[in-house]
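Please read all numbers here as calculations on a predicted model, not as lab measurements. Chain naming here is simple, since letters A, B, ... match the order of the sequence lines and numbering starts at 1 in each.
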2 protein chains.
Amino acid sequence: MPLNRAVPEPTIARLALYLRSLRLAQIEGLETLSSADIEARTGISSGQVRKDLSYFGEFGKPGLGYAVTPLVDRIAHIMRLDRNQPVMIVGAGNLGTALAGYTGLHESGFQLVAVYDNNFSKIGRRIWDLEILDIEDMPAINASMSVEIGIITTPAPSAQMVADQMVKSGVRAILNFAPTRVSVPRDVAVRNVDLTQELQILCYYLPPSATTEEMEA
Amino acid sequence: MPLNRAVPEPTIARLALYLRSLRLAQIEGLETLSSADIEARTGISSGQVRKDLSYFGEFGKPGLGYAVTPLVDRIAHIMRLDRNQPVMIVGAGNLGTALAGYTGLHESGFQLVAVYDNNFSKIGRRIWDLEILDIEDMPAINASMSVEIGIITTPAPSAQMVADQMVKSGVRAILNFAPTRVSVPRDVAVRNVDLTQELQILCYYLPPSATTEEMEA
DNA sequence: TAGATTGTTAATCGATTAACAATC
DNA sequence: TAGATTGTTAATCGATTAACAATC
């Protein structure tokens, strides 16, 4: 009877890492892995591994470790990755088109089933094998498609409008690539991926150059 | 004499957010903003704003708030965003090509100056206005270019090799889009952006569907 | 059984929040 | 001056790490 309440978010992020790593181990034919083995493969400490897994039950055997295949299945089930998840992309620009063609999506259990845009010169054209749909039609189309995961790849000024349209259409989880925060109801999950923010953070950690030293002096 | 030691990483990430938000305020013609105003614009609490800024000095005036333009300049300087930062992309596939065409890069103070690949059918071709270079030539080419920031947009199996080549060529900060961790010397900064991990995390937070309830029962 | 490794508790660490004296 | 808001200290919160009894 696992008490799912209050699982730390970093634990969920690491669960995804364990899953990827364990699937590689599965391919290598390994049947059992100790938390120390998982540490060696992921860089996450064995104690952390055990703590993370313990939020969801007792999956290991003292003295032996974890049976790989059952553990993969358990994590996949916990994360709802044991079924094919349909996904929509809104914004058929460079990034949206690139993501639509990304094979990793399918390999990770996601299936892109719709691409939307608001630009009439794009609507009706095809991206890979999908027709670009009119964002205005999303509520009607999604009534039958029931896609719950949406990816925003529009410019920042459109992002809020797109998020609103998604929520209206039944989307419950949003991955936002637009460099702006979007407001959604509390029961809709949002994660932001902000490329320029990441680059800016990296800049800060760049070692001081000779030029910089000069400037500070 | 700011004690830069031990500035929390989340503070640096928020600094980038403040910067973006303050620049918008600048465009709106606002001259002064209190930490409460910044909270209203970013969603980050006023106390957190003041604490974050206090790591780097005293920029505000009690009773008044912060003068926008000087604050923008200070944050930009702290984050080394007061100069144009050259960037390289390695991996001229869908994602690399999309990023190369992303106008936000330039708008945020970055300039893409080189694109590398290891595929002979791509090397020599052009992406936007840049010729795709042979990854083998990176150390020689970068000796004169001195690019310190690299973006990896290759498939996972190539990522480590690319990171090694980058380090060898003088890159000091890496943004890794490949779904795998890369090992680099301690003095090289790495940030990972993992699209499928983000989607998987979102899956976990999806509200339980009728179907799921059934399955659990 | 003896050795290995789990699951969990308690200690530590670090970041966020609350609160307020200093001060513009 | 009175009102507003800073910079900072102390309290709180939450996550990670260390350690070990339970157990395969």
| query | Hey, mind stepping through Arg23(A) and Glu107(A) against salt bridge (charged side-chain N to carboxylate O under 4.0 Å, His left out) and telling me if it holds? | reply | CA-CA 12 Å; Arg23(A) 280 183 170 150; Glu107(A) 285 159 20; over 6 Å; no
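Look at Arg20(A) and Asp194(B) and you find a salt bridge, because one of the NZ, NE, NH1 or NH2 atoms lies within 4.0 Å of a carboxylate O, short of that distance.
For the pair Phe56(B) CZ and dT8(D) P, the computed distance is 13 Å after rounding to whole Å. Atoms CZ (Phe59(A)) and P (dT6(C)) sit 14 Å apart, rounded to a whole Å. Taking atom CG on Asp37(B) and atom P on dT5(D), their separation rounds to 8 Å, with Å as the unit. Between the OH atom of Tyr66(B) and the P atom of dA4(D) there is a distance of 18 Å, rounded to whole Å.
Residue contacts for Ser46(A): at a heavy-atom cut-off of 4.0 Å it reaches no nucleic acid atom on any strand shown.
Residues Arg50(A) and Ser35(A) have side chains that bring a donor and an acceptor to within less than 3.5 angstrom of each other. A donor and an acceptor atom, one from each side chain of Gln26(B) and Thr69(B), are located under 3.5 Å apart.
At least one side-chain heavy atom of Ser183(A) sits less than 4.5 Å from a side-chain heavy atom of Gln160(A).
For the helix from dG3(C)-dC24(D) to dC24(C)-dG3(D), the angle separating the two terminal helix axes comes to 10°, with each axis derived from five pairs and the value rounded to 10°.
Minimum heavy-atom separation, Arg172(B) to Leu206(A): CB-CD1, 3.9 Å.
At dT6(C), one or more side-chain N or O atoms of Ser35(A) fall inside 4.0 Å of OP1 or OP2 (strictly under the cut-off).
Atoms CZ and CG, from Phe110(A) and Leu99(A) in turn, are 12.5 Å apart once rounded to the nearest 0.5 Å.
Evaluation of the side-chain hydrogen bond (donor to acceptor under 3.5 Å, both in side chains) rule for Asn94(A) yields no partner, not counting sequence neighbours.
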With sugar-phosphate taken as primed atoms, P, OP1 and OP2 and all else as base, the protein-contact string of nucleotides 12-24 of chain D at under 4.0 Å (heavy atoms; B, S, -) is ---SSB-B---BB
